[in-house]
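Remember, it's 1-based here, ligands and their atoms both numbered in the order they're listed.
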Amino acid sequence: MNTADLIWLNGEFVAWEDAKVHVLTHAMHYGTGVFEGIRAYETERGTGVFRHQDHLDRLENSAKLYYMDLPFSKEQIRGATHDLIARSGFKSCYIRPLVWRGYGPMGLNPLENPVEAMVAVWEWGAYLGEEGQRNGVRARVSSYRRVSSDSLIPHAKASGQYLNSVLAKIESLKSGYEEAILLDDKGHVSEGTGENIFVIRNGVIYTPPQTAGILDGINRKTCVQIARDLGYELVERDIARAEVALADEVFLTGTACELTPLREIDDIEIGPPGPITREIQRVFDDALHGRAPQYAEWLDVVPVPSKA
Ligand SMILES: Cc1ncc(COP(=O)(O)O)c(C=O)c1O
């Protein structure tokens, strides 16, 4: 992980090693934070932050669902992110904004604790490996169910909720797989530990609906649009576990993994990435890297700092 020299912390740029919080930070004890994972790509127009505004809107919504106001405006966070990227010299990078309940009263009521914010950037390669992105990864269905809206808030990208993904990820790695697919509380397919899922059968693309405990993924939305623009029928409906194993093609989407095919589930072969996956992956990759003029507005190009 090649990190930048600076981190933006509560409105100031501080040295990476000085970006510290108190050990009684509320979020460290109770998971009361919300965050985003964003990527910026090298393009012909400069470094482009992919769907920046959508990520900032989701950050605000996640905060709202946990009774927090963003301590800085989305425009301020966007500007700080541009500055960080420009000052880091990175042509492409991963961006992690975090908003959390800070040091203050201990106990479960966080409402008196300050809300703090930071943005960090670092260089980060293919999350599930370049080989995985090319040829697909192997996953198992997790013994853990995806958090459901009767106990938590699947729509919020909240720090504490990620214990669910962490357990599923560890379980999958320890049992020899690269990723886990979680079912929702009703036993329908929900998503991966940090990815949404698409299942293809007889030329039709299926993905679980908002009510299946999914995070409303920005790359999911992107691939839904790309698939429909390419003329595919795309249906949002509940998916049974067996449909993943019996699919012609399956792929995962997320900021970290981008688009990664799934080639095996529970030791049942789905097969190498198929033609529909490949076609969507190619257009998606063009969109990320600024090679798809029809999706140019998805990239928020980092302004080049003036020399003065
Ligand atoms: C649990 C979970 N589901 C889905 C996703 C995919 O979301 P996105 O495409 O916005 O990165 C992520 C990644 O942020 C995630 O953590």
Side-chain angles (χ1 to χ4, degrees), residues 31 33-41 49-63 65 93-99 119-120 124 126-128 132-133 137 139 141-142 144-149 151-172 178-185 188-199 207-227 234 236 239 250-262 280-281 284-285 287-288 295 298-300:
V34 295
F35 66 100
E36 273 304 313
I38 313 174
R39 276 190 191 268
Y41 295 88
V49 182
F50 190 65
R51 304 198 73 158
H52 204 176
Q53 199 58 48
D54 292 309
H55 282 283
L56 292 170
D57 289 345
R58 190 171 65 186
L59 182 70
E60 184 177 54
N61 288 338
S62 298
L65 291 165
C93 60
Y94 184 83
I95 304 160
R96 169 56 54 82
L98 175 72
V99 170
V119 181
W124 212 17
Y127 175 66
L128 293 174
Q133 227 169 31
V137 294
V141 170
S142 179
Y144 296 99
R145 295 285 176 97
R146 165 75 177 156
V147 296
S148 70
S149 49
S151 56
L152 281 166
I153 313 173
H155 268 72
K157 196 167 167 63
S159 306
Q161 297 187 174
Y162 274 81
L163 289 175
N164 182 228
S165 289
V166 165
L167 284 172
K169 186 78 185 181
I170 292 173
E171 180 188 56
S172 72
E178 291 150 285
E179 194 44 283
I181 301 301
L182 288 84
L183 306 181
D184 70 9
D185 56 334
H188 301 129
V189 173
S190 179
E191 60 178 8
T193 61
E195 306 89 19
N196 294 110
I197 187 168
F198 291 78
V199 171
T207 194
Q210 300 286 337
T211 44
I214 63 166
L215 181 75
D216 187 9
I218 287 160
N219 297 282
R220 171 185 183 275
K221 213 189 323 251
T222 299
C223 287
V224 165
Q225 182 167 345
I226 289 174
L234 190 143
E236 293 183 49
I239 295 174
V250 180
F251 64 86
L252 308 174
T253 63
T255 297
C257 83
E258 299 170 331
L259 190 158
T260 297
L262 194 66
I280 296 171
Q281 191 178 38
F284 180 50
D285 203 55
L288 297 180
Y295 302 127
W298 283 342
L299 289 163
D300 175 27

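Nearest protein neighbour of atom 1 (C) of ligand 1, counting heavy atoms only, is E191 OE2, 3.3 Å. Scanning the protein for heavy atoms near atom 6 (C) of ligand 1, the closest one is N196 OD1, 3.6 Å. Looking only at protein heavy atoms, the nearest one to atom 14 (O) of ligand 1 is K157 NZ, 2.7 Å. Counting protein heavy atoms only, atom 16 (O) of ligand 1 is closest to Y162 OH, 2.4 Å. Of the protein's heavy atoms, G217 CA, 3.4 Å lies nearest to atom 7 (O) of ligand 1. Atom 11 (O) of ligand 1 has as its closest protein heavy atom T255 OG1, 2.7 Å.
Looking at every heavy atom in both residues, L182 comes nearest to S142 through CG-CB, 4.1 Å.
Atoms of ligand 1 found under 4.0 Å from any heavy atom of N219, numbered from 1 in the order shown, are 8 (P), 9 (O), 11 (O). Near G254, meaning under 4.0 Å from one of its heavy atoms, ligand 1 places the atoms 6 (C), 9 (O), 11 (O).
Taking all heavy atoms of G37, S165, G194 into account, the minimum distance to atom 13 (C) of ligand 1 is reached by G194.
Using modelled atom types and a 3.5 Å distance limit, the side chains of E258 and N219 yield no donor-acceptor pair. Donor-acceptor pairing under 3.5 Å is lacking for the side chains of S148 and D184.
The side-chain heavy atoms of L262 and F251, taken from C-beta on, include no pair separated by under 4.5 Å.
Geometrically, ligand 1 and T253 share no nitrogen or oxygen pair separated by less than 3.5 Å. Inclusion of R146 in the set of residues having an N or O under 3.5 Å from an N or O of ligand 1 is not warranted.
Partner of E36 under the salt bridge (Lys or Arg N to Asp or Glu O under 4.0 Å) criterion, out of K157, R51, R58: R58 alone.
At a heavy-atom cutoff of 4.0 Å, ligand 1 is contacted by the backbone of T193 but not by its side chain.
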